[in-house]
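Values in this document were obtained by computation on a predicted structure and should not be read as measured data. Sequence positions, counted from 1, serve as the residue numbers for this chain. As a basis for the values below, the full set of heavy atoms in this structure was taken, side chains included, without hydrogen atoms, waters or symmetry mates.
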Amino acid sequence: MGLRHSQDRYLQLVREMTSRLREVGEEAPPPAPTPQPPCDTRNIRKAVKSILGTQDEVWGLLRENSRLIEQFTSLAAAAGPLDNTDHILQQINLLNMNNVTNGIDTAPPTDL
């Protein structure tokens, strides 16, 4: 019976404290707003100009890079394929076939 009584007493105290805290909370005035430090507009303007200037530089670099990529792409397309392995293999195989027809035994056709 002692444990049960202690638990009931504890719950009763918690309820009383909760209701008292609510009453006190309703009676207390709202906290005063924290004062804001004065705003230094000169530094803010300077920072914004710096950010915008950097942004302009970045956009300029991106445009220049895009232009160079387009230029190199068109140069590469005009130069033709860089991989001429197939052409070299065809020539080797033609030489081998010519050698066989001329009576020279060579290696079998090359294939990658």
Side-chain angles (χ1 to χ4, degrees):
M1 178 113 178
L3 185 59
R4 178 75 178 159
H5 176 69
S6 295
Q7 184 181 10
D8 288 341
R9 180 74 183 134
Y10 170 77
L11 292 174
Q12 181 184 0
L13 286 172
V14 168
R15 280 189 226 107
E16 288 176 10
M17 288 178 63
T18 304
S19 66
R20 181 66 186 136
L21 284 172
R22 285 188 186 129
E23 290 173 9
V24 169
E26 291 171 0
E27 295 170 3
T34 56
Q36 296 292 329
C39 186
D40 186 7
T41 57
R42 185 171 40 104
N43 284 338
I44 292 175
R45 287 182 185 165
K46 188 176 177 182
V48 168
K49 284 181 184 179
S50 175
I51 291 170
L52 292 175
T54 303
Q55 184 181 13
D56 288 343
E57 289 177 32
V58 169
W59 280 112
L61 289 171
L62 287 172
R63 278 192 300 275
E64 181 67 16
N65 285 346
S66 296
R67 186 188 65 76
L68 289 172
I69 289 170
E70 289 174 6
Q71 191 175 24
F72 284 126
T73 302
S74 64
L75 286 172
L82 296 177
D83 183 17
N84 59 355
T85 307
D86 290 335
H87 180 69
I88 292 170
L89 287 175
Q90 285 176 351
Q91 287 186 345
I92 291 171
N93 289 332
L94 283 174
L95 287 172
N96 285 340
M97 288 189 327
N98 285 338
N99 288 338
V100 169
T101 53
N102 292 333
I104 304 170
D105 193 16
T106 60
T110 305
D111 193 21
L112 289 183

Partners passing side-chain hydrogen bond (donor to acceptor under 3.5 Å, both in side chains) against Gln55 (at least two apart in sequence or in another chain): none
side-chain contact (heavy atoms from CB on, under 4.5 Å) involving Ile44 - partner list, sequence neighbours excluded: Cys39, Val48
Rounded distance (nearest 0.5 Å) linking atom OG of Ser74 with atom CD1 of Ile69: 12.0 Å
Apart from Trp59 itself, residues in the same hydrophobic cluster as defined by side-chain heavy atoms under 4.5 Å: Val58, Leu62
Pairs touching residues 51-64 that satisfy salt bridge (charged side-chain N to carboxylate O under 4.0 Å, His left out), sequence neighbours left out: Glu64-Arg67
For residues 11-18, please give each side-chain donor-acceptor pair under 3.5 Å, one per line with the distance, not counting sequence neighbours.
| residue | atom | partner | partner atom | Å |
| --- | --- | --- | --- | --- |
| Gln12 | NE2 | Glu16 | OE2 | 3.3 |
| Thr18 | OG1 | Val14 | O | 2.8 |

